[in-house]
Amino acid sequence: QKGFFESRYWRVQRYNASGLAQGSAIQITTLNLINGQAGVATDANNNFVVVWDDGGINAQRYSNSGKKVGSQITVNGNDPGAVIQWQGSVGRDADGDFVVPWVIRRLDSQNLPYFEHYVQVFNNNGTKRGGAILTRTSTMETSESIAVQAGGDFVLSWTEQSAQTATDVFARRFDLNGVAKETAQR
């Protein structure tokens with residue numbers, strides 16, 4: 001699957017193993033978005049989930065034939081305390097459980113920006129497994145990449161740049177319920 005932004009609407013195109021398009025592109029969003037990010041992840045049966053931001057963070061599950069499964073999922077709705085929130089990735093295990101990371105930019109009492117990084121774990125039927133999990137805070141604008149193992153454990157990775165060093169890459173492992181297994185590793 002491949003997600004792309006066309007005519008200000010998010011669309012997804014399915015491809016076979018040879019790289020040939022399967023059917024026509026599927027329009028994901030109905031809003032005329034000016035910008036935003038989207039991510040796509042598949043399970044072992046090529047069912048897929050698409051995640052996008054449009055002021056809130058949303059998801060939609062699809063069968064391997066491209067048909068919608070269930071209704072649109074609100075991962076995190078419009079947050080009145082957020083200056084902006086976004087995401088660009090989603091990870092899915094072989095059974096169809098999936099994890100969505102996102103970032104919320106906020107302002108502190110001195111009007112300085114800081115960033116809260118969250119994940120939400122979902123069962124394969126699209127129901128939330130617990131609440132949103134704050135994975136870290138930072139003073140830098142970064143987005144996470146995610147990889148989900150077959151059993152549902154996952155790894156978040158991100159980059160950070162400081163005045164003392166060049167850009168560093170970090171990763172942190174979590175269990176299938178979103179509990180950190182260790183501190184962030186450089």
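Along the sequence shown, residues carry numbers from 1.
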A.B. asks: For a 4.5 angstrom cut-off between non-hydrogen side-chain atoms, does V90 reach V50?
C.D. replies: no
A.B. asks: Begin with the C-alpha distance, continue with both residues' side-chain angles, and end with the deciding distance and a verdict on side chain to side chain contact (heavy atoms under 4.5 Å, CB included) for I73 and R61.
C.D. replies: CA-CA 8 Å; I73 301 164; R61 295 176 305 128; 4.2 Å; yes
A.B. asks: Would you say the side chain of R14 lies within less than 4.5 Å of the side chain of Y62, judging by non-hydrogen atoms?
C.D. replies: no
A.B. asks: Going by side-chain contact (heavy atoms from CB on, under 4.5 Å), name the residues that satisfy it together with D108, two or more places apart in sequence or in a different chain.
C.D. replies: Q110, L112, Y114
A.B. asks: V69 and V99: same hydrophobic cluster, using ILVMFWY side-chain contacts below 4.5 Å?
C.D. replies: no
A.B. asks: I'd like to check K68 versus Q60 (side-chain heavy atoms, cut-off strictly below 4.5 Å). Are they in contact?
C.D. replies: yes
A.B. asks: I need the minimum non-hydrogen distance between F98 and N123, along with the two atoms involved.
C.D. replies: CE2-O, 3.9 Å
A.B. asks: Taking the side chain as every heavy atom from C-beta outward, state whether F48 and N64 have any pair of such atoms under 4.5 Å apart.
C.D. replies: no
A.B. asks: Report yes or no: do V169 and V155 belong to one cluster of Ile/Leu/Val/Met/Phe/Trp/Tyr joined by side chain heavy-atom distances under 4.5 Å?
C.D. replies: no
A.B. asks: Determine whether T137 and H117 satisfy the following criterion, side chain to side chain donor-acceptor pair (under 3.5 Å), listing intermediate values before the conclusion.
C.D. replies: CA-CA 6 Å; T137 59; H117 303 261; over 6 Å; no
A.B. asks: Could you measure the distance from the OG atom of S65 to the CG atom of N47? Nearest 0.5 Å is fine.
C.D. replies: 8.5 Å
A.B. asks: Taking C-beta and beyond as the side chain, do V100 and F122 meet within less than 4.5 Å on heavy atoms?
C.D. replies: yes
A.B. asks: Could you check whether any side-chain heavy atom of P101 comes within less than 4.5 Å of a side-chain heavy atom of L156, counting everything from C-beta outward?
C.D. replies: yes
A.B. asks: Could I get the full list of salt bridge (charged side-chain N to carboxylate O under 4.0 Å, His left out) partners for K181, not counting sequence neighbours?
C.D. replies: D153
A.B. asks: Quick one: does any side-chain atom of Q120 pair with a main-chain N or O of G130 as donor and acceptor, under 3.5 Å?
C.D. replies: yes
A.B. asks: List the residues meeting side-chain contact (heavy atoms from CB on, under 4.5 Å) with N177, not counting sequence neighbours, and say none if there are none.
C.D. replies: R129, D175
A.B. asks: Can you name the closest pair of heavy atoms from W102 and A132 and give their distance?
C.D. replies: CH2-CB, 3.7 Å
A.B. asks: What is the minimum heavy-atom distance between Q13 and A21, and which atoms define it?
C.D. replies: NE2-CB, 3.6 Å
A.B. asks: Can you tell if the side chain of F174 reaches within under 4.5 Å of the side chain of T135, non-hydrogen atoms only?
C.D. replies: yes
A.B. asks: Restricting to salt bridge (charged side-chain N to carboxylate O under 4.0 Å, His left out), what partner residues turn up for D93, sequence neighbours left out?
C.D. replies: none
A.B. asks: Could you go through the side chain to side chain contact (heavy atoms under 4.5 Å, CB included) check for D95 and D43 one step at a time?
C.D. replies: CA-CA 6 Å; D95 295 331; D43 65 16; over 6 Å; no
A.B. asks: Output the distance between atom CG (N58) and atom CG (D53), rounded to the nearest 0.5 Å.
C.D. replies: 8.5 Å
A.B. asks: List the residues meeting salt bridge (charged side-chain N to carboxylate O under 4.0 Å, His left out) with R106, not counting sequence neighbours, and say none if there are none.
C.D. replies: D79, E116
A.B. asks: Can you list the residues that meet the side-chain contact (heavy atoms from CB on, under 4.5 Å) rule with N124, with sequence neighbours excluded?
C.D. replies: D97
A.B. asks: Work out which heavy atom in A59 is nearest to a heavy atom in V75; give both atom names and the distance.
C.D. replies: CB-CG2, 4.0 Å
A.B. asks: Is there a donor-acceptor contact under 3.5 Å from the side chain of Q185 to the main chain of T183?
C.D. replies: yes
A.B. asks: Closest heavy-atom contact between S89 and I146?
C.D. replies: OG-CG2, 3.9 Å
A.B. asks: Measuring from Y15:OH to L20:CG, what's the distance to the nearest 0.5 Å?
C.D. replies: 10.0 Å
A.B. asks: Could you walk me through whether W158 and R136 pass the side chain to side chain contact (heavy atoms under 4.5 Å, CB included) test, one step at a time?
C.D. replies: CA-CA 11 Å; W158 65 92; R136 65 188 181 95; 3.1 Å; yes
A.B. asks: Would you name the heavy atoms of A180 and R172 that are closest together and state the gap between them?
C.D. replies: CB-NH2, 3.2 Å
A.B. asks: Give a yes or no on this: more than 12 heavy atoms of other residues, nucleotides or ligands lie within 6.0 Å of atom NZ of K128.
C.D. replies: yes
A.B. asks: Evaluate the criterion side chain to side chain contact (heavy atoms under 4.5 Å, CB included) for residue pair V51 and I57; output intermediate values, then yes/no.
C.D. replies: CA-CA 7 Å; V51 181; I57 310 300; 4.0 Å; yes
A.B. asks: Applying a strict under-4.5 Å side-chain criterion to I, L, V, M, F, W and Y, I'd like to know whether L176 and V119 cluster together.
C.D. replies: no
A.B. asks: Is there a side-chain contact between V148 and R92 (heavy atoms, below 4.5 Å)?
C.D. replies: no
